[in-house]
Novice: 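First the structure, which I've put down as structure tokens, then a few questions once you've had a look.
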Amino acid sequence: MQIAISGNIGAGKTELTRLLSRHYGYRAVFGPAEENPYLNSFYDDMRRWSFNMMVHSLYANIKQVVDLQATGESFVRDRSLYDDACIFAPNLNSMGLMSTRDLTTYTKLFETTYSLLPKPDLLIYLRGEVPTLIRHIQKRGRQMENSIRLDYLTNLNNRYDNWAASYDGKMLTVDIDECDFVENREDLGHIINRIDAEFNSLFATKTTIQ
């Protein structure tokens with residue numbers, strides 16, 4: 001069983017990954033351990049190095065998922081492979097930090113490699129309005145996130161919503177404006193009940209196909 005969790009910065013992906021992993025006894029999976037060798041160069045010259053950084057990130061993420069699937073373990077993954085390709089790469093292009101030519105090449109590479117992998121059994125989209133995201137970001141107090149701009153979060157939110165609306169796999173959307181799964185056990189329990197219902201539906205579908 002493979003669960004992937006998507007959502008904007010501050011949505012609570014890491015927290016929900018840990019909570020669901022603990023509840024189901026699945027392996028909790030976070031970003032690839034290998035450091036992106038282009039990251040420092042990207043921050044020095046974003047337009048020059050955005051393509052290199054994103055391609056390496058694509059490689060590292062796909063390798064991680066392939067390696068995990070080879071183990072046969074069930075896992076919950078913080079972020080899906082879609083986040084970079086469908087949200088962050090197009091956003092870099094719209095900001096003038098990745099050329100359209102590079103974005104086209106990157107997207108083709110993503111589509112070709114990802115087509116060889118099965119979709120997550122369940123993708124959880126943590127959706128929230130920008131004020132909620134800002135509150136979460138401020139609460140966790142990561143220094144590198146202090147300079148995140150309001151319009152940047154808003155643009156990412158719009159991209160996430162558009163992507164989620166067109167996603168053709170099994171998706172469960174959680175409204176984090178109304179659901180505090182970190183502090184409220186009842187809210188977490190509600191999410192788990194919804195996941196269990198999706199699992200039951202998934203297994204029923206697989207049985208029918210067989």
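This is a predicted model, so every value here is computed, not measured. By convention here, the first residue in the shown sequence is residue 1.
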Novice: So Tyr59 and His56, would you call those rings parallel, tilted or perpendicular, with 30° and 60° as cut-offs?
Specialist: perpendicular

Novice: Would you sort out whether Tyr114 and Tyr82 count as a ring pair (Phe, Tyr, Trp, His ring centres under 6.0 Å), showing the intermediate values?
Specialist: CA-CA 9 Å; Tyr114 194 70; Tyr82 296 103; 4.9 Å; yes

Novice: Would you say Lys63 and Asn61 make side-chain contact, with heavy atoms under 4.5 Å?
Specialist: no

Novice: For a 4.5 angstrom cut-off between non-hydrogen side-chain atoms, does Gln69 reach Leu117?
Specialist: yes

Novice: Decide side-chain contact (heavy atoms from CB on, under 4.5 Å) for His190 and Arg194; before the verdict, give the C-alpha distance in whole Å, the side-chain angles of both, and the deciding distance to 0.1 Å.
Specialist: CA-CA 6 Å; His190 180 60; Arg194 292 178 64 193; 3.6 Å; yes

Novice: Where do Cys179 and Ile191 land on the side-chain contact (heavy atoms from CB on, under 4.5 Å) test, with the steps shown first?
Specialist: CA-CA 9 Å; Cys179 177; Ile191 293 174; 3.7 Å; yes

Novice: Measuring from Leu20:CG to Leu188:CG, what's the distance to the nearest 0.5 Å?
Specialist: 6.5 Å

Novice: Take Met54 and Phe42 through the side-chain contact (heavy atoms from CB on, under 4.5 Å) test and state the conclusion after the steps.
Specialist: CA-CA 10 Å; Met54 294 298 292; Phe42 170 72; over 6 Å; no

Novice: Looking at Ile176, Ile9, Leu126, which hits side-chain contact (heavy atoms from CB on, under 4.5 Å) with Leu133?
Specialist: Ile176

Novice: Set out, in order, the CA-CA distance, both residues' side-chain angles and the distance that settles ring pair (Phe, Tyr, Trp, His ring centres under 6.0 Å) for Tyr24 and Phe199, then state yes or no.
Specialist: CA-CA 12 Å; Tyr24 288 107; Phe199 281 177; 5.6 Å; yes

Novice: For residues Ser57 and Asn36, is any side-chain donor paired with an opposing acceptor at under 3.5 Å?
Specialist: no

Novice: Taking Phe75 as the starting point, is it possible to reach Ile192 by hopping between hydrophobic residues whose side chains are less than 4.5 Å apart?
Specialist: no

Novice: Regarding Lys170 and Asp121, does a basic nitrogen lie under 4.0 Å from an acidic carboxylate oxygen?
Specialist: no

Novice: Under a single-linkage definition using a 4.5 Å side-chain heavy-atom cutoff for Ile, Leu, Val, Met, Phe, Trp and Tyr, are Leu19 and Val29 assigned to the same hydrophobic cluster?
Specialist: no

Novice: Are side-chain N/O atoms of Arg159 and Ser94 paired as donor and acceptor at under 3.5 Å?
Specialist: yes

Novice: I'd like to know if the side chain of Asn93 pairs up with that of Arg101 as donor and acceptor (distance under 3.5 Å, no hydrogens or angles considered).
Specialist: no

Novice: Check whether more than 12 heavy atoms from other residues, nucleotides or ligands sit under 6.0 Å from atom NE2 of His23, and answer yes or no.
Specialist: yes

Novice: Under 4.0 Å between a Lys/Arg side-chain N and an Asp/Glu carboxylate O for Glu183 and Arg185?
Specialist: no

Novice: How long is the span from the CZ atom in Arg48 to the CE atom in Met53, to the nearest 0.5 Å?
Specialist: 13.0 Å

Novice: Taking atom types as modelled, find out whether Ser80 and Asp83 have a side-chain donor-acceptor pair closer than 3.5 angstrom.
Specialist: yes

Novice: Measure across Lys13 and Ile5 and return the closest heavy-atom pair with its distance rounded to 0.1 Å.
Specialist: CD-O, 3.7 Å

Novice: Apply salt bridge (charged side-chain N to carboxylate O under 4.0 Å, His left out) to residues Asp78 and Arg18 and explain how you reach the verdict.
Specialist: CA-CA 9 Å; Asp78 177 354; Arg18 292 190 176 118; over 6 Å; no

Novice: Quick one: pull up CD1 in Ile3 and CZ in Arg27 and give me the separation to the nearest 0.5 Å.
Specialist: 15.0 Å

Novice: Look at the side chain of Asn200 and the backbone N and O of Asp196, then say whether any donor-acceptor pair between them is shorter than 3.5 Å.
Specialist: yes

Novice: Would you compute the distance between atom CE of Met1 and atom CG of Leu122 and round it to the nearest 0.5 angstrom?
Specialist: 8.0 Å

Novice: Between Asn91 and Leu156, is there a side-chain heavy-atom distance shorter than 4.5 Å?
Specialist: yes

Novice: For side-chain contact (heavy atoms from CB on, under 4.5 Å), just list the numbers for Met171 and Ser6, CA-CA rounded to whole Å, side-chain angles, deciding distance to a tenth of an Å, and then say yes or no.
Specialist: CA-CA 10 Å; Met171 174 182 284; Ser6 288; over 6 Å; no

Novice: Indicate if Tyr43 and Phe51 have the same hydrophobic cluster label, given that clusters are the connected sets of ILVMFWY residues with side-chain heavy-atom separations under 4.5 angstrom.
Specialist: yes

Novice: Less than 4.0 Å between a side-chain N and a carboxylate O, is that true for Lys119 and Asp168?
Specialist: yes

Novice: Kindly work out whether a path of hydrophobic side-chain contacts (I/L/V/M/F/W/Y, heavy atoms less than 4.5 Å apart) joins Leu58 to Leu68.
Specialist: no

Novice: Any sub-3.5 Å donor-acceptor pair from Gln64's side-chain atoms to Phe30's backbone N or O?
Specialist: yes

Novice: If you compare all heavy atoms of Pro118 against all heavy atoms of Gln2, which two are closest, and at what distance to 0.1 Å?
Specialist: O-NE2, 4.5 Å

Novice: Side chain to side chain donor-acceptor pair (under 3.5 Å), that's the test. Do Tyr125 and Asp161 meet it? Break it down for me.
Specialist: CA-CA 9 Å; Tyr125 172 38; Asp161 283 344; 2.7 Å; yes

Novice: Say you draw a straight line from OG of Ser21 to OH of Tyr26; how long is it, rounded to the nearest 0.5 Å?
Specialist: 10.0 Å

Novice: Between Thr112 and Lys108 (side chain of the first, backbone of the second, donor and acceptor by atom type, cut-off under 3.5 Å), is there such a pair?
Specialist: yes

Novice: Show the nearest heavy-atom pair for residues Trp49 and Ser41, with the distance to one decimal.
Specialist: CD1-O, 3.2 Å

Novice: When you compare the side chain of Ile124 with that of Val76, does any pair of heavy atoms fall below 4.5 Å?
Specialist: no

Novice: Kindly say whether Ala11 contributes a backbone atom to a donor-acceptor pair with the side chain of Asn8 at under 3.5 angstrom?
Specialist: no

Novice: Please round to the nearest 0.5 Å and tell me the distance separating atom OH of Tyr160 and atom CZ of Arg127.
Specialist: 12.5 Å

